[in-house]
Protein chains: 2
Amino acid sequence: MLGTQAAERPPMPAPTPAPSALPAGSVRRRAGRPTAAILDQDGITTAALELISNKGYNGLTMAALARSLGVAPSALYNHVASKDDVLLLVEDHLAAMVDVSAFGSEPWDVAVRRWAWSYRDVFSEHTPLIPVIAVLPVANAPKTLAMYEAVTAGFRDAGFPEEKIISAIVALEAFVFGAAYDVTAPEDIFDAGSLAEQVPNFTAAVDRLAAEEHARPTDVAFNLGLEALITGFGALRK
Amino acid sequence: MLGTQAAERPPMPAPTPAPSALPAGSVRRRAGRPTAAILDQDGITTAALELISNKGYNGLTMAALARSLGVAPSALYNHVASKDDVLLLVEDHLAAMVDVSAFGSEPWDVAVRRWAWSYRDVFSEHTPLIPVIAVLPVANAPKTLAMYEAVTAGFRDAGFPEEKIISAIVALEAFVFGAAYDVTAPEDIFDAGSLAEQVPNFTAAVDRLAAEEHARPTDVAFNLGLEALITGFGALRK
DNA sequence: GTGATAAATGAATGCCATTCATTTATTGGT
DNA sequence: ACCAATAAATGAATGGCATTCATTTATCAC
């Protein structure tokens with residue numbers, strides 16, 4: 001790890017000191033507005049996603065983001081108000097990747113199933129966004145809003161009583177977000193270790209599930225909960 | 001803002017400089033092991049909870065924690081390995097406050113209902129813990145483990161097939177954690193603002209729910225989802 | 001009694017988001 | 001065609017943060 005970083009950024013100054021924030025080979029940009037704008041929100045979003053994909057959310061710093069865009073960190077603040085703002089851009093990009101295509105073409109239960117699995121899969125790779133999303137007004141996230149619109153229309157067309165649609169979506173979303181965290185949990189999360197004797201029922205149940213040898217226990221739990229929600233909510237339709 | 005801070009902490013040194021890490025009035029402790037230990041995990045947990053209660057999770061820093069305990073920040077590391085370790089202590093303390101008393105005395109569905117509401121209520125005040133909990137092996141959290149034991153026993157006694165117990169609890173927990181975030185969301189989170197016209201179904205559904213004038217819409221959604229899960233899971237019992 | 005260990009201080013370290021003064025280029029109004 | 005306002009960049013701070021380390025002092029086990 002440290003060795004790799006050192007290779008990228010030699011601690012000693014190179015003969016011709018490499019400009020610290022520019023792609024290799026380019027000349028250091030002088031201060032002042034450049035002829036053509038370098039940054040925009042789309043580019044920042046793309047670079048952020050690339051960084052997250054390569055280095056994870058720990059690697060997503062304003063400095064690293066600036067560096068990958070060949071720009072000084074402070075330049076980012078001409079286009080976003082804060083790091084949370086960057087996270088919002090990323091979130092909205094991801095929302096567009098959630099599959100809502102089945103609403104309008106497939107039966108309601110099939111559509112909900114496809115949407116929820118897709119939603120969970122997308123955000124299980126991006127759980128650090130969840131605390132941000134959960135509290136963020138949708139007004140600033142057009143693609144997220146578009147997702148809600150598609151889902152809402154699907155519920156309405158399926159005969160859902162209108163006053164219950166938002167509550168049902170909120171409940172499903174809560175389940176999806178919680179389940180997204182579960183995907184990231186280590187396999188041995190339920191290993192009670194030295195305390196196992198003190199929690200015999202729990203230990204037995206954990207062992208009994210392990211004996212089933214499911215490829216992904218987290219998927220079993222998600223399926224169980226999702227089917228219960230679909231069945232329960234399906235009964236509300238007129 | 002700046003003026004207020006300056007008033008609390010004058011930039012110029014006071015005549016008798018106040019010791020920075022000690023409760024008012026006490027003498028600065030000299031270096032070296034004190035006769036009686038000042039810190040232990042219980043004290044750290046209590047101080048952390050107090051700090052969170054007064055200043056929120058933003059106010060919970062290792063420096064602030066040390067200060068409230070009358071100790072240098074580095075002293076904390078003789079008792080916890082990291083800040084995440086402090087969060088784990090807090091989490092385990094809270095787990096003990098979750099109401100599992102109905103398991104063993106009340107019918108299964110009543111017990112699940114009481115547990116889930118209580119669980120959500122406790123952690124909705126502590127959502128920053130959720131990312132930590134979700135990934136943390138239970139072996140290091142005895143009170144959390146005790147909660148799982150009580151719930152597992154309740155499910156088993158209710159005739160739940162043993163291989164499904166953990167999956168059902170995991171699903172319920174996912175829903176609880178997601179719903180805990182929802183509690184903290186601002187009221188106008190679903191206000192589409194200027195984009196309202198582009199999402200007519202969504203806007204209509206939001207308005208229709210608002211017209212119901214529920215005291216806490218988040219509770220309506222939680223109730224809806226929880227009852228669906230209870231009904232769905234209840235059918236699995238032998 | 002003595003060596004190992006435990007628990008404190010205090011001084012660093014390095015990383016981080018963010019701000020600000022400054023420079024340069026574009027744009028819109030007259 | 002000018003000129004003021006604005007936009008977009010640099011580069012140098014700033015302050016906060018968790019964590020580490022050398023050092024000091026006290027207790028505990030043998």
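Below, each value reflects all heavy atoms present in this structure, side chains not excepted, and no hydrogens, waters or symmetry copies. Proteins get letters first, then strands, A, B, ... in listed order; numbering begins at 1 in each. Just so it is clear, the model here is predicted, and its values are computed rather than measured.
- Rounded to whole angstrom, the span from the CG atom of B:Leu76 across to the P atom of D:dT20 amounts to 13 Å.
- B:Arg29 has no side-chain polar atom (N or O) that falls below the 4.0 Å cut-off from OP1 or OP2 of C:dA8.
- No side-chain donor from either of A:Glu173 and B:Tyr181 sits under 3.5 Å from a side-chain acceptor of the other.
- For B:Leu60 and D:dA18, the CG to P distance is 8 Å, given to the nearest whole Å.
- The shortest distance between the side-chain N/O atoms of B:His79 and the OP1/OP2 oxygens of C:dA8 is below 4.0 Å.
- As rounded to whole Å, 12 Å separates atom P of C:dC16 from atom CZ of A:Arg67.
- Nucleic acid contact for B:Thr61: sugar-phosphate only, since backbone atoms but no base atoms lie under 4.0 Å from a heavy atom of the residue.
- The side chain of A:Met62 has C:dT18 as its nearest neighbour among D:dA9, C:dT9, C:dT18.
- Put simply, OH on A:Tyr77 is 19 Å from C1' on C:dT22, counting in whole angstrom units.
- Nearest approach of A:Phe222 to A:Ala116, heavy atoms of both residues: CZ-O, 3.7 Å.
- Look at B:Asp219 and B:Arg120 and you find a salt bridge, because one of the NZ, NE, NH1 or NH2 atoms lies within 4.0 Å of a carboxylate O, short of that distance.
- What separates CG of A:Asp84 from P of C:dC16 is a distance of 16 Å, to the nearest Å.
- Proximity of a side-chain donor or acceptor of B:Ser53 to a complementary backbone N or O of B:Leu49 within less than 3.5 Å is not detected.
- In this structure, CG of B:Asp85 is placed 14 Å from P of D:dA18, rounded to the nearest angstrom.
- If you take CG of B:Leu69 and C1' of C:dA8, they are 13 Å apart, rounded to a whole angstrom.
- Taking the six-membered ring where the residue is Trp, A:His126 and A:Phe123 present perpendicular rings, their angle passing 60° and hence far from 30°.
- You'll find that the side chain of B:Lys83 is closest to D:dA18, out of D:dA9, C:dT18, D:dA18.
- For A:Asn78 and D:dA9, a side-chain-to-base donor-acceptor distance below 3.5 Å is present, hydrogens and geometry of angles not being considered.
- Of all nucleotides listed (C:dC20, D:dT19, D:dA9), C:dC20 comes nearest to the side chain of A:Ser74.
- Here D:dA7 presents its P atom at 16 Å from CG of A:Asp40, a figure rounded to the nearest Å.
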